Number of protein chains: 4
Amino acid sequence: MAKKELIRETAISVMAELGYHESTTDRIAQEGGMAVGTIYNYFRNKEEILQYIFQVEFAKRKKAYEEELASEKPALEKLGSLLEKHFRAIEENILVGKILVREHPKPGGSEINEITKFLEGVPTLIQTLLNKAMENGEIRSCDTELMSAAFFGAVQGMALKAVFTDDENKQKQILQNAPKELMLLFKQGLGR
Amino acid sequence: MAKKELIRETAISVMAELGYHESTTDRIAQEGGMAVGTIYNYFRNKEEILQYIFQVEFAKRKKAYEEELASEKPALEKLGSLLEKHFRAIEENILVGKILVREHPKPGGSEINEITKFLEGVPTLIQTLLNKAMENGEIRSCDTELMSAAFFGAVQGMALKAVFTDDENKQKQILQNAPKELMLLFKQGLGR
Amino acid sequence: MAKKELIRETAISVMAELGYHESTTDRIAQEGGMAVGTIYNYFRNKEEILQYIFQVEFAKRKKAYEEELASEKPALEKLGSLLEKHFRAIEENILVGKILVREHPKPGGSEINEITKFLEGVPTLIQTLLNKAMENGEIRSCDTELMSAAFFGAVQGMALKAVFTDDENKQKQILQNAPKELMLLFKQGLGR
Amino acid sequence: MAKKELIRETAISVMAELGYHESTTDRIAQEGGMAVGTIYNYFRNKEEILQYIFQVEFAKRKKAYEEELASEKPALEKLGSLLEKHFRAIEENILVGKILVREHPKPGGSEINEITKFLEGVPTLIQTLLNKAMENGEIRSCDTELMSAAFFGAVQGMALKAVFTDDENKQKQILQNAPKELMLLFKQGLGR
DNA sequence: AATGAATGAGCTTTCATTCAT
DNA sequence: CATGAATGAAAGCTCATTCAT
């Protein structure tokens with residue numbers, strides 16, 4: 001279904017520029033070279049588009065996570081690999097990075113949606129790895145729930161920094177250094 | 001001007017519950033026991049209310065920052081104190097915490113507004129302290145710009161975790177542990 | 001609340017001309033010399049306007065019914081009086097007659113709304129009077145439930161006829177003869 | 001052309017349930033197991049489907065009317081026979097009854113369409129029979145135009161009652177009693 | 001200063017209809 | 001003939017903002 005993909009990509013571009021709330025379905029349709037109605041043949045409403053964007057990104061990370069899990073590396077190295085992939089993905093698509101970093105679900109929503117799945121699911125994956133690392137003695141004993149929240153926050157913070165840096169070179173530099181620096185920080189910071 | 005303060009508090013309560021976009025000026029007026037028109041005697045528009053909320057919070061942090069700066073402690077300890085104050089402030093007003101952690105300016109805004117002042121200003125304050133700490137040899141050499149972004153992100157991540165934890169005891173616990181754990185992580189992680 | 005009344009009257013005029021479904025809120029607002037938004041300060045949605053129209057008319061008939069009930073006349077005469085009033089009301093406002101005669105609730109609606117209240121409530125009032133008349137021996141024994149359905153249908157049929165008669169004189173004539181003819185028909189038809 | 005018939009039947013089913021305006025062409029196509037486009041090979045637009053439903057029903061009644069006309073019975077008996085057939089037809093297909101009783105043309109339509117043909121044509125047929133009956137002295141002198149409107153209205157009122165009675169037994173009972181009761185009412189009511 | 005009815009631009013969404021396959 | 005993705009006009013409704021009182 002190339003159309004759904006086209007809508008997703010166009011929406012990413014529009015929402016990255018204007019933010020979810022300022023993005024109109026008309027605008028997305030227009031930039032995608034289609035009629036508004038077409039969007040609604042693939043999505044039930046505007047929010048579902050945003051959900052789908054997160055869904056796709058979460059699926060990618062989930063897949064990478066599972067591949068890493070299956071490998072033989074120490075848990076901390078797995079986390080490092082995932083981080084590398086995450087920042088590389090953002091580097092390849094800054095626009096999607098802007099969205100991941102800025103769009104939040106509307107509050108009060110305890111319903112399971114793709115945005116919360118990302119915003120809560122990713123920290124959970126991190127926590128699992130931290131737990132493993134703790135069990136293996138790779139890191140010192142710590143509150144992994146809190147630590148994974150901090151870790152994910154730090155990732156988001158760095159991504160935010162990168163993504164809104166106008167100078168492309170600097171942006172690239174941040175995105176490339178971020179995973180290393182972050183792993184260094186945590187490896188050392190949680191070292192025994 | 002007690003009215004402006006009343007509006008600010010009511011808006012915090014409403015926006016924490018519904019989020020900025022779902023919060024209507026009518027609702028804020030109603031919950032504040034006033035007419036919509038009154039709001040517009042104190043704010044030019046809805047966004048300005050949100051800006052004001054951030055402004056007040058930023059001012060508090062700025063003040064604390066300047067007090068700390070004037071003291072004789074090592075930079076890292078100053079940072080720790082600020083962190084303590086930040087989480088204590090959130091503990092005292094969870095609602096405002098929800099807002100600080102979730103509301104972002106609309107993108108593309110390079111205009112200097114109170115939200116970006118908070119979201120960029122606070123990391124800048126952090127960076128200044130990290131720079132000092134680096135100069136003093138309290139921490140190892142590192143990219144403080146990146147590190148402060150990570151630091152602020154981690155703070156936000158932990159606050160997010162706390163603020164949307166329903167169990168009040170756990171919430172309190174997170175808010176109280178967060179600054180310690182975070183300082184420990186960074187002190188060790190950026191140790192020489 | 002003169003505004004609500006203005007909206008009701010304008011809506012009657014528009015809906016009588018175009019029918020409920022072809023009537024747009026924009027059009028009603030325009031013909032009422034107000035903004036669309038104003039309508040929504042008095043009604044939650046378009047349908048509620050129609051409901052309100054029926055509500056007002058039903059209330060009038062209900063009131064007349066209760067006045068008649070309190071009187072000393074034989075039941076059949078009461079029915080006759082009500083009929084007179086009904087057709088006189090239509091004569092005084094053909095537009096509202098068009099609506100009463102043509103707009104139906106959307107099906108599946110078992111919810112109690114003002115339209116069904118009219119369409120089912122009025123026959124019920126009629127039935128009550130027929131029951132009284134039967135008890136008093138004014139009319140022969142019959143299935144009053146069925147008979148009231150027929151009676152109300154006949155009323156609606158005659159009103160429909162009148163209301164879509166273009167010739168004003170003929171229209172007036174129908175509206176004036178209808179109650180007499182109908183009462184004659186039923187008095188004789190249900191005579192013993 | 002079995003397809004057109006299939007569309008008619010499916011549309012009856014959908015429109016009886018949802019009403020004309022809530023019925024979508026997509027839904028009709030889906031329930032008929034065909035594509036939307038197919039509908040438009042047989043009908044120019046959605047309204048034409050409804051028109052066709054009325055057309056078929058009107059044709060049936062017209063045919064029955066002509067058969068009766070050719071017979072030797074007194075006019076009033078002919079009317080009675082038609083009535084029997086009408087209610088029997090509804091009994092055999094409640095769904096179509098719901099439509100006949102509830103869907104009206106959009107107002108202002110002086111164009112000759114199948115719905116007005118039914119809604120005005122049937123009373124006209126009735127009137128012709130009433131005229132005959134009057135000429136033959138079967139009934140007293142009366143305004144047959146008005147009387148036929150009342151008659152048709154009464155029929156519709158009873159059909160409405162039946163068609164929205166959930167209890168199937170009661171429904172059947174109404175449909176079977178209706179023609180008798182109605183003829184009795186009018187025979188006696190218009191008796192000399 | 002406070003009020004709150006009025007405003008109307010602007011948004012999301014629907015759905016009858018078309019037409020290339 | 002059948003299909004069904006694409007269309008886009010048009011509708012209902014919201015809500016930040018204004019301003020006469």
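Values in this document were obtained by computation on a predicted structure and should not be read as measured data. In what follows, chains carry the letters A, B, and so on, assigned in the order in which the sequence lines appear, proteins first and then strands, with residues in each chain numbered from 1.
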Please give, in whole Å, the distance from [N] [atom2] to [X] [atom1]?
X	N	atom1	atom2	value
B/Leu50	F/dA16	CG	C1'	15 Å
D/Met15	E/dC15	CE	P	13 Å
B/Ile39	F/dC19	CD1	P	17 Å
D/Ile28	E/dC15	CD1	P	12 Å
B/Gln30	F/dA16	CD	P	13 Å
C/His21	E/dT14	NE2	P	16 Å
C/Glu22	F/dA10	CD	P	12 Å
D/Ile7	F/dC1	CD1	P	11 Å

For the pair B/Lys4 and B/Glu9, evaluate salt bridge (Lys or Arg N to Asp or Glu O under 4.0 Å) and give the outcome as yes or no after the intermediate values. CA-CA 9 Å; B/Lys4 190 169 184 181; B/Glu9 280 163 19; over 6 Å; no
Minimum-distance nucleotide to C/Val36 side chain [options: F/dA9, E/dC11, E/dA9]: E/dA9
Of the options E/dA2, F/dC13, F/dG8, whose atoms approach the side-chain atoms of B/Asn41 most closely? E/dA2
Considering all heavy atoms, the nearest A/Leu100-A/Phe118 contact: CD1-CZ, 3.9 Å
Let me spell it out: for each of B/Tyr20 and D/Gly33, pick the nucleotide of DNA chain F with the closest heavy atom. Which residue's pick is nearer the 5' end? D/Gly33
Per nearest nucleotide of DNA chain F, the residue lying toward the 5' end, A/Asp26 or B/Thr24, is A/Asp26
Does a nitrogen or oxygen in the side chain of [X] sit under 4.0 Å from OP1 or OP2 of [N]?
X	N	answer
A/Thr38	F/dA5	no
A/Lys3	F/dA5	no
B/Tyr42	E/dA2	yes
A/Tyr40	E/dT13	yes
D/Thr25	E/dA16	yes

Mind checking who E/dA2 pairs with, Watson-Crick or G-U wobble, both distances under 3.5 Å? F/dT21
Can you tell if the side chain of [X] reaches within under 4.5 Å of the side chain of [Y], non-hydrogen atoms only?
X	Y	value
B/Lys3	B/Tyr42	yes
D/Arg27	D/Leu18	yes
D/Ile49	D/Arg8	no

Does any donor-acceptor pair link the side chain of D/Asn45 with the base of E/dA16 at a separation under 3.5 Å? no
If you assign B/Gly37 and C/Gly37 each to the DNA chain E nucleotide with the nearest heavy atom, which residue ends up on the more 5' nucleotide? B/Gly37
